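Worksheet: the structure to be examined is printed underneath.
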Amino acid sequence: MNKYFISFLVCGGLLLSAAVQAQTAKWAIAPQYTSITPYGKGLYKVKADAHVGMLDDKGNVIVPVNADSITAMTEQCALVLQYEEEKYRLKGILHDDHRLVLISDEWYVGDFPFFSEGKLPVYNKNGKYGYVGTNGALLIDFEYGNVHPFSEGWAAVSQGKNLLSLIKKKSKQKVFYIDGQGRTMTIQSDIGDIYSGTTFKNGEALVITKDNRYCFINTSGQLTRIDNNVMLAFDEKYALQTEAEAPQEKPSQTVFYDGPTTFSENDLYGYKQAGKIMLPAQFDEATPFFQGFAIASVNGEYGLLKLVDGNFSCVTATGSLKTSEKGMRSVDYVVSVPKEWENSALELTCVTDGKDKTSSLQPGTAGPKRTFSFIIPQGNQELSLSGEGLTVWNTSMGTLGNTYGELSEDISISIHPSTVKANARDNAPVTVILKNNTAAALEFTVTVTGKQLKTVNRKVKLASGQSQKISTYFMKVKKADSRTVSVATSLSSNTVSKRIQLVPFFVKY
């Protein structure tokens, strides 16, 4: 799995949703990125080569993919940054409601690239610091050589230039505290001038005087205590940090999946829902679905899948194309399409006996069914349906249900069952039912074929409205498999086929 993927916890196949309905998927974000990372509240950070951007779960671009960095959210805001001349320039402020405030001024972020109490420390091209609000407006002008984040209403600042820190390196420049309007705190007079100062935390800040006293002051500027033996450790806002408050290694983020899960086949991943294949194996990497979305990659490029209601199914119908070519037949496949796929172009590919391949492309019709017409060789067909760069159905999925096809307007056929278990002789029974739909008696020949299927060639005579069963069986069913039954009659050049799932008699647990 890719390093950008969240760790998903699978609990014995338990789905958190109460009921599972028929679903398939579409690309919400087409696979075109180096990585995709969940960002929260319907946002996904995407990376294309060296640049990053932000998209929502509908594929809308929130931040164009030309930034060099997008920080984590702090106080419902993130920073969009561009790397210029070894500095990070502020290009935008992203809010958690997906609103982006663009910044055109030449402002840069330093050691504290986050908002604190609604204020962000920034510096201008002259190296002077000020503070910007979440709406992108300048709150406190560029008057300082170095600053700390605001906390408990105050921020430590200095007029000195190019200081690495207000406390890491004692300077000759005085340090003072300002409030949100830029007004200076009055420090208790007997403390004197201070030359280093931390950020306020729990009502106190540490200041160091000219004579090297370590004084603690409150938010009113009054001395609370002196402690020259205090441990100098600092948090991300440059406030004093006790040993107990030292940051611990964060546990890996674990998400309980609540939707379709992955399966692997031939070194590719697909999705299953309630034990049945929802999307055929086609992805290099894939996460389970969480809250309706999953990250997957195709040919090394990552995209975002979204669940949609409904699924695809296919039945065989009388061929609408005409052919007299020997060994060829006309057949139509009628595909039922979920609502969210109705306006999408779809392509059905048919492979006969594993070698002869042909395709039929149909544009979106805003309707629930799509008909694909073929002239194809006689034989066993493997079907695959795709659209928008996604394979959404194939005959190996076993979702044909009670597939029903008409060999002609006179004779209809059904093939049963959809899944069958072999007997102790490794034979799996199959039943074909023929029905005469005409008002007259019909006499014809029927042929039932399939891979490792006992072939049937039989003359049939049916009165009007009469049905007849023809029984046969698959042989040598020694492992889980799927095979196709094909039925043809002398009344039509068309063939009806159905894919059947086979279960061996001896199941290895």
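Computation of the quantities below employed the complete heavy-atom set of this structure, encompassing side-chain atoms and omitting hydrogens, waters and symmetry-equivalent molecules. Source: prediction; values computed, not measured.
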* With sequence neighbours excluded, tell me which residues meet side-chain hydrogen bond (donor to acceptor under 3.5 Å, both in side chains) with Lys87. => none
* **Sequence neighbours excluded - ring-ring contact (aromatic ring centres under 6.0 Å, His included) pairs with any residue from residues 34-81** => none
* **Qualifying residues under salt bridge (charged side-chain N to carboxylate O under 4.0 Å, His left out), relative to Lys41, sequence neighbours excluded** => Asp96
* **salt bridge (charged side-chain N to carboxylate O under 4.0 Å, His left out) partners for Arg99, two or more places apart** => Asp97
* Which residues share a salt bridge (charged side-chain N to carboxylate O under 4.0 Å, His left out) with Glu347, sequence neighbours left out -> none
* To do: With sequence neighbours left out, write down each residue that passes ring pair (Phe, Tyr, Trp, His ring centres under 6.0 Å) with Tyr108, or none if nothing qualifies.
  => Tyr123
Could you pull out every donor-acceptor pair under 3.5 Å between side chains of residues 384-392 and any protein atom, sequence neighbours left out?
| unit_1 | atom_1 | unit_2 | atom_2 | d |
| --- | --- | --- | --- | --- |
| Glu388 | OE2 | Lys26 | NZ | 3.4 |
| Glu388 | OE2 | Ser344 | OG | 2.7 |

* To do: Establish, from distance only, whether the side-chain atoms of Thr449 and Thr455 form a donor-acceptor pair under 3.5 Å.
  => no
* Structure fact -> Asp353 meets the salt bridge (charged side-chain N to carboxylate O under 4.0 Å, His left out) criterion, sequence neighbours left out, with none
Side-chain donor-acceptor contacts of residues 56-79 below 3.5 Å, not counting sequence neighbours, with atom names and distances?
| unit_1 | atom_1 | unit_2 | atom_2 | d |
| --- | --- | --- | --- | --- |
| Asp56 | OD1 | Lys58 | N | 2.9 |
| Asp56 | OD1 | Gly59 | N | 3.1 |
| Asp56 | OD1 | Asn60 | N | 2.8 |
| Asp56 | OD2 | Asn60 | ND2 | 3.0 |
| Asp68 | OD2 | Gln82 | NE2 | 3.4 |
| Asp68 | OD2 | Tyr83 | N | 2.6 |
| Thr71 | OG1 | Leu79 | N | 2.9 |
| Glu75 | OE1 | Glu117 | N | 3.2 |
| Glu75 | OE1 | Gly118 | N | 2.8 |
| Glu75 | OE2 | Glu117 | N | 2.6 |

* Structure fact -> With sequence neighbours left out, the residues meeting ring pair (Phe, Tyr, Trp, His ring centres under 6.0 Å) with Phe112 are His148
* To do: Please list, chain by chain and in numerical order, all residues satisfying ring pair (Phe, Tyr, Trp, His ring centres under 6.0 Å) with Tyr33, sequence neighbours excluded.
  => none
* Structure fact -> Sequence neighbours excluded, the answer for ring pair (Phe, Tyr, Trp, His ring centres under 6.0 Å) partners of Phe374 is Tyr333
